[in-house]
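Note on naming: letters A, B, ... go to the chains in the order of the sequence lines (proteins, then strands), and numbering restarts at 1 for each one.
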Amino acid sequence: MARSKSSLTQVLLSWYSQNGRQLPWRKTKDPYAIWISEIMLQQTRAEVVIPYYERFLQAFPTVQALAQAPLDTVLRLWEGLGYYSRARNLHRAAKQIVRHGGTFPRDAKEWKELPGIGPYTAAALAAIVNGQDAIALDANLLRVGARLFGERGIVTSPVVRKRIERRFLELLPPGKAGTFNQALMDLGATVCLPRNPRCEACPLRRFCVAQATGQQEKIPVRARRRVRPHKQFIAAVLQDERGRLLLVRQADRGIWGGLWTLPYVEARSWREARPKLEAITGTRMKRTAGRSPYSITHTFTHFTATYTAIPAIPTTRVRHGRWVRPEQPNLAVPVPHRKLLQAFSRGGFGAIPHARTPSNP
DNA sequence: AAGGCGGGGAA
DNA sequence: TTCCCAGCCTT
């Protein structure tokens, strides 16, 4: 057992030195830059993160620069990346770090005290930045570990997570936690894939219980997925005399917290939506004659949504929100609303088909 | 322990 | 279409 353990680790590290991914945040030892990367990488694949990471570090090269920036500027650079509480927590944490003289945490326990840093990120940063022996148990390590150790329980359950972490901890080469964790991540991302794992290319093949028993497609075992509900939303496209559209800022919590959207509510008809939209914008409004609504659907993790944008005109002074040019709002706008703005700026949804006016859009 | 929270890429 | 990703926070 002792022999296979050390040889497993050696094979893994050797494979990593030849086949590891070249990622921008692996070229630096700056705790600030690595911290930014880890937050962006939460629930987000590395390829998606790369351009965001580059732009973000260019805009905010230091933790001081980030701490001094307005939240709206930070959210602008996060636009499209999702899970926007990450950006709000990042901004809060930057202020905390600067208040502590700009010194970064020295171990996992200190990292975890910052907002937006949970068990995984604390372990990853402790290992990569501080060289501390820790297991950064992300989805990759969970999947690799479940297959490698032949774990038959539901992988997301606390018991199974603990079991896999303990097994990896036994294999961890002291002082090399950063490399060890990232080697396992890369193995999960490029070889030990969720579907159709490339076992023929796996350096750990001869150590893998799932491979030996032919169960690599059945492991990891996941909890049953719930059905995804469908929700309908109505958005008002209020236009001023200069052709600008009204956006409102979402509160700093909940979906799209801190971002700017068309005024919208969950509703199935204009009749139902209008009073609520009037409350949000602080104005009375009526539908624009001759303009048709425009709908898009968007799938979230927990529900599917249809957003119907309805052109309308304010009939009293508008008290809330900000007028923006739809082709360049210069504010952080979530993807579905950005699509609505783009569709409108490319022709304003067109005219209502004269044969049949949708009464219940 | 469970649910809310984005968006995109791959099969 | 469905799955799932370098998870965290609140309840």
Considering only B:dG7, C:dG7, C:dT2, which nucleotide approaches the side chain of A:R228 most closely?
C:dT2
Phosphate oxygens OP1/OP2 of B:dG7: is one of them under 4.0 Å from a side-chain N or O of A:H298?
yes
Looking at the side chain of A:I255, which of C:dC8, C:dC5, B:dG6 is the nearest nucleotide?
B:dG6
Check the distance between C:dC4's C1' and A:D138's CG and give it to me in whole angstrom.
12 Å
I want to check one thing: is the phosphate of B:dG7, taken as OP1 and OP2, less than 4.0 Å away from some side-chain N or O of A:W256?
yes
Taking the basic N atoms (NZ, or NE/NH1/NH2) and the acidic carboxylate oxygens, is any pair closer than 4.0 Å for A:D252 and A:R249?
yes
Listed nucleotide nearest any side-chain atom of A:R253, set C:dT10, C:dG7, C:dC4:
C:dT10
Classify the side chain of A:T44 versus the base of B:dG6 as yes if they form a donor-acceptor pair under 3.5 Å and no if they do not.
yes
Closest-nucleotide mapping onto DNA chain C: is A:R195 or A:H302 further toward the 5' terminus? I mean the 5' end.
A:R195
Over 60° means perpendicular and under 30° means parallel, so tell me whether A:F233 and A:Y307 are parallel, tilted or perpendicular.
parallel
Using a heavy-atom cut-off of 4.0 Å across all strands, would you classify A:P336 as base, sugar-phosphate, or nothing?
sugar-phosphate
Running the 4.5 Å side-chain criterion over Ile, Leu, Val, Met, Phe, Trp and Tyr, what cluster does A:I154 land in, apart from itself?
A:V221
So, is A:R143 close to the C:dC5 phosphate, meaning a side-chain N or O under 4.0 Å from OP1 or OP2?
yes
At 4.0 Å (heavy atoms only), tell me whether A:N181 reaches a base, stays on the sugar-phosphate, or touches nothing.
nothing
Would you say the side chain of A:E79 lies within less than 4.5 Å of the side chain of A:V333, judging by non-hydrogen atoms?
yes
Assign each of A:P158 and A:G80 to its nearest nucleotide of DNA chain B by heavy atoms, then name whichever residue's nucleotide is nearer the 5' end.
A:P158
Less than 3.5 Å apart, any donor N or O on the side chain of A:Q182 or A:R26 sitting next to an acceptor on the other?
yes
Would you measure the distance from the P atom in C:dT11 across to the matching atom in B:dG6 and give it in whole Å?
16 Å
Over all strands shown, is A:A139 touching base, sugar-phosphate only, or nothing at heavy-atom distances under 4.0 angstrom?
sugar-phosphate
If you compare every side-chain N and O of A:Q43 against the phosphate oxygens of C:dG7 (OP1, OP2), does one of them come in below 4.0 Å?
yes
5'-most by nearest nucleotide on DNA chain B - A:G254 or A:V48:
A:G254
Distance-only donor-acceptor test, A:T301 side-chain atoms vs B:dG6 base atoms, 3.5 Å:
yes
Counting only side-chain nitrogens and oxygens, does A:R161 get under 4.0 Å of the OP1 or OP2 atom of B:dA1?
no
When we call it a touch if two heavy atoms are under 4.0 Å apart, what does A:S37 touch: a base, just sugar-phosphate, or nothing?
nothing
Is any side-chain nitrogen or oxygen of A:R222 closer than 4.0 Å to OP1 or OP2 of C:dC4?
yes
How is A:W25 classified with respect to the nucleic acid when contacts are heavy atoms under 4.0 Å: base, sugar-phosphate, or nothing?
base
I'd like to know if the side chain of A:T308 pairs up with that of A:S295 as donor and acceptor (distance under 3.5 Å, no hydrogens or angles considered).
yes
Ignoring backbone atoms, establish whether A:Y84 has a side-chain N or O less than 4.0 Å from OP1 or OP2 of B:dG7.
yes
